[in-house]
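First comes the structure, then the notes that go with it.
Order of the sequence lines sets the chain letters (A, B, ...), proteins ahead of strands, with each chain counted from 1. What you see is a predicted model, and the numbers here were worked out from it, not measured in a lab.
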Protein chains: 2
Amino acid sequence: MRLFHARGYDAVGVAELGAELGIKPPSFYAAFGSKAGLFERALQRYIQGEANIFARALADGGDVATVIDRTLALAARLYPRRDGVAGCLVLDATRNSADPDACALTAAAKRASREALRAFIATERPAKAGALADFLTIAMAGMSAAARDGADEAALTAFAETAGRAFRREMEAD
Amino acid sequence: MRLFHARGYDAVGVAELGAELGIKPPSFYAAFGSKAGLFERALQRYIQGEANIFARALADGGDVATVIDRTLALAARLYPRRDGVAGCLVLDATRNSADPDACALTAAAKRASREALRAFIATERPAKAGALADFLTIAMAGMSAAARDGADEAALTAFAETAGRAFRREMEAD
DNA sequence: GTGTTTTTGTAGTGATCGCTATATAAACAG
DNA sequence: CTGTTTATATAGCGATCACTACAAAAACAC
């Protein structure tokens with residue numbers, strides 16, 4: 001998970017993954033089936049862990065705008081580079097990847113994430129939940145990409161606060 | 001330029017680039033020195049052409065907020081996938097690339113782009129030009145990444161308009 | 001036309017890619 | 001301890017990577 005997150009799916013080889021896990025290629029393929037198989041498990045672990053910032057923000061309760069503010073703030077705190085890892089694994093691990101299986105895995109996770117956001121927003125603003133979810137999806141993609149380009153927590157937090165205010169205004173408009 | 005833009009720096013090989021240019025490897029290296037050498041020229045062509053949306057928006061004149069609105073709107077129109085190409089070459093061509101030379105080239109272009117934004121904003125709001133430029137940098141990174149993930153012009157335009165309004169408010173605050 | 005320089009095509013460099021055939025070592029059942 | 005099964009290591013599969021040595025061809029000077 002750490003290697004995929006730090007350098008992206010294509011840039012990390014099976015040999016290196018095996019070395020990190022302390023196993024040789026045959027054991028690797030017996031355990032995971034393929035490189036994409038290990039990536040799928042890494043993705044699941046990531047999504048079910050503390051990196052699922054929306055799930056964490058949702059667990060603390062509050063109305064839609066509050067939860068969204070919390071989600072954006074968590075992204076700003078989590079995304080800056082630490083130990084060579086930056087941004088979101090789901091959003092960025094398969095950028096420019098040539099592997100269709102790996103890309104399909106992240107694409108599915110992105111769809112699920114966007115749908116979770118949309119469904120939650122729809123509890124208060126069903127008519128514009130889709131557009132608001134799109135706004136957040138694009139904003140978080142920007143935070144993850146910027147973090148990978150070296151943006152620090154201060155810059156991401158400032159963006160998160162501005163984006164949160166914009167979200168609230170769009171939500172309350174009309 | 002088209003191949004690098006569509007699939008990213010690492011995913012396109014010298015053989016394919018040579019085939020597209022109608023030349024064989026020795027001629028390729030005589031002309032460009034290296035794969036990164038051709039990428040540098042592709043980047044320059046991109047930056048000096050109509051893909052430099054800030055330069056285009058700036059050329060049409062107007063105050064800062066107007067030019068920024070125009071820049072975001074141009075990104076929303078330019079970034080969606082057409083002929084397999086989506087997003088911004090500078091922002092996304094070296095994502096997850098393992099080549100330090102190619103990454104240094106895009107990093108320099110990103111710094112130059114951010115500085116151009118900052119300097120222009122500083123003509124009206126010197127005190128907060130850096131923070132406002134960071135906001136736009138992150139927003140455009142999000143639009144480019146989302147476009148690469150399949151976002152259409154409608155979603156990007158909605159984001160651009162919301163981001164533009166947020167920019168104007170942050171600019172006029174205090 | 002001749003001799004020289006530049007450009008090109010053919011072929012191949014070593015390295016790495018994801019992945020696997022084969023053979024040995026370990027674990028286990030009786 | 002024997003026989004069978006599971007798991008591992010060694011080695012290498014074909015393919016592709018960026019890049020280049022070498023030689024044939026094209027262009028040029030005179």
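The structure places OG of B:S97 at 15.0 Å from CZ of A:R95, a figure rounded to the nearest 0.5 Å.
In this structure, A:F32 atom CZ and C:dT20 atom C1' are separated by 17 Å, rounded to whole Å. Whole-Å rounding puts the A:I23 CD1 to D:dA7 C1' distance at 12 Å. As a whole-Å value, the separation of B:L17 CG from D:dC19 C1' is 13 Å. A straight line from CZ of A:F39 to P of C:dG18 spans 13 Å, rounded to a whole angstrom.
Residue pairs meeting the salt bridge (Lys or Arg N to Asp or Glu O under 4.0 Å) criterion with at least one partner in residues 69-80 of chain A, sequence neighbours excluded, are A:D69-A:R168. For residues 75-120 of chain B, the set of pairs meeting the ring pair (Phe, Tyr, Trp, His ring centres under 6.0 Å) definition, not counting sequence neighbours, comprises B:F54-B:F120. The stretch residues 54-67 of chain B participates, sequence neighbours left out, in no salt bridge (Lys or Arg N to Asp or Glu O under 4.0 Å) pair at all.
A:K128 meets the side-chain hydrogen bond (donor to acceptor under 3.5 Å, both in side chains) test with no other residue; sequence neighbours excluded. Taking A:R148 as the reference, B:N96 meet the side-chain hydrogen bond (donor to acceptor under 3.5 Å, both in side chains) condition, with sequence neighbours excluded. Among residues two or more places apart in sequence or in another chain, the side-chain hydrogen bond (donor to acceptor under 3.5 Å, both in side chains) test is passed with A:S113 by none. Applying the side-chain hydrogen bond (donor to acceptor under 3.5 Å, both in side chains) rule to B:D101 yields no partners; only residues at least two apart in sequence or on another chain are considered.
Near-neighbour residues of DNA chain C inside residues 95-105 of chain B, defined by a heavy atom below 4.0 Å, are absent.
B:F28 belongs to a hydrophobic cluster whose other members, connected by ILVMFWY side-chain contacts under 4.5 Å either directly or through intermediates, are B:M1, B:L3, B:F4, B:Y9, B:V12, B:V14, B:L17, B:L21, B:I23, B:Y29, B:F32, B:L38, B:F39, B:L43, B:Y46, B:I47, B:L89, B:V90, B:L105.
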Test salt bridge (Lys or Arg N to Asp or Glu O under 4.0 Å) applied to A:K110 and A:E115, step by step:
CA-CA 8 Å; A:K110 289 174 196 178; A:E115 172 54 22; over 6 Å; no
Which pairs of donor and acceptor atoms, one on a side chain in residues 152-160 of chain B, lie under 3.5 Å apart (sequence neighbours left out)?
unit_1 : atom_1 : unit_2 : atom_2 : d
B:D152 : OD1    : B:A154 : N      : 3.3
B:D152 : OD1    : B:A155 : N      : 2.9
B:T157 : OG1    : B:E153 : O      : 2.8

Set out, line by line, the N/O atom pairs under 3.5 Å between protein and nucleotides 14-18 of chain D.
unit_1 : atom_1 : unit_2 : atom_2 : d
D:dA18 : OP1    : B:V12  : O      : 3.4
D:dA18 : OP1    : B:K35  : NZ     : 2.7
D:dA18 : OP2    : B:V14  : N      : 2.9

Hey, what are the protein-to-nucleotides 10-16 of chain C N/O distances that come in under 3.5 Å?
none

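A:S27 has no side-chain polar atom (N or O) that falls below the 4.0 Å cut-off from OP1 or OP2 of D:dA7.
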